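In this text, all values refer to a predicted model and were calculated from it rather than measured experimentally. No hydrogens, no waters, no symmetry mates; every other heavy atom, side chains included, goes into these values.
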Amino acid sequence: MGLNTKWDILEERLLSDNWAMLKTTRLRFQFSDGAVSEQWRETYDRGDGATILPYDPMRRHVLLARQFRWPVAYNYDGDPHLIEAAAGLLDGVAPEQRICEEAQEELGLALTAPEFLFDLYSSPGSITERMHYFAAQYSADEAQQKFGGLRDEGEEIEILDLPLGEALAMIGDGRIRDAKTVILLQYAALHLMPETKT
């Protein structure tokens, strides 16, 4: 027998509406066996996002960004400059359009037709964000820019043109610690640029 939870919202309070909305909600659940539970749950709603992994199948390279991330610094968790796939919030724009804009701003790439892969919830225990994942091919000639980002948005981004094997090794040794990037690199290794057996 599968889950068949029924729920109602009893009360909702806005806790913060600064960069995103933080709400607390009182819910009433009725579980499959008829038992009822009331719970308070917090949700952080900053909208949905999009992320992309540019890949070069000829050289087996990927293009990533390295930038300062405040939550890492806040946690005093080593180097606060994370290596990541380019990404951004949709802000009311279609995911395909947004990721082309982000690729231009962060990586200096002019993309026209990114390939949609899938969408995933980033942290569904409390964050509403759904991330749309994309990939697109690029060439060595397009990977000449060394820095990206918008200074007026507080961004300073180092662009990294890396062999896929090195990027995968960086997951293992802790240099890549961003979930969306790990997902995209593993997808690339399995589907976009799998090792050929000789």
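- Partners of Y121 under the ring pair (Phe, Tyr, Trp, His ring centres under 6.0 Å) rule, at least two apart in sequence or in another chain, do not exist in this structure.
- L15 is linked by a side chain to side chain contact (heavy atoms under 4.5 Å, CB included) to L22, T24, E42, counting only residues two or more places apart in sequence or in another chain.
- If you chain together hydrophobic residues whose side chains sit under 4.5 Å apart, L10 and F29 never meet in one group.
- Counting only distance, with no hydrogens or angles, the side chain of R41 and the backbone of R26 share no donor-acceptor pair below 3.5 Å.
- Under a 4.0 Å N-O distance rule, the pair R69/E84 qualifies as a salt bridge.
- In terms of heavy-atom proximity, D79 sits nearest to V72 at O-CG1, 3.8 Å.
- Using bins of under 30°, 30° to 60° and over 60° for the plane-to-plane angle, the ring pair H132/F116 lands in the tilted bin.
- Take D173 and apply the side chain to side chain contact (heavy atoms under 4.5 Å, CB included) test, not counting sequence neighbours, and it matches M170, R175.
- A salt bridge between R59 and D161 is present, with a side-chain N of the basic residue lying under 4.0 Å from a carboxylate O of the acidic one.
- Between E11 and R13 there is a salt bridge, since a side-chain N of the basic residue sits under 4.0 Å from a carboxylate O of the acidic one.
- Nearest heavy-atom pair across D17 and L14 is CB-CD2, 4.0 Å.
- Note on D91 versus R46: no salt bridge recorded, every NZ/NE/NH1/NH2 to OD/OE distance being 4.0 Å or above.
- In this structure the side chain of Y187 reaches within 4.5 angstrom of the side chain of L117, judged on heavy atoms.
- Side-chain heavy atoms closer than 4.5 Å link hydrophobic residues (I, L, V, M, F, W, Y) into clusters, and following such links, possibly through other members, connects L185 to L160.
- Here the side chain of E142 pairs a donor or acceptor atom with the backbone of S139 at under 3.5 angstrom.
- Residues Y133 and K180 have side chains in contact (heavy-atom distance under 4.5 Å, counting atoms from C-beta outward).
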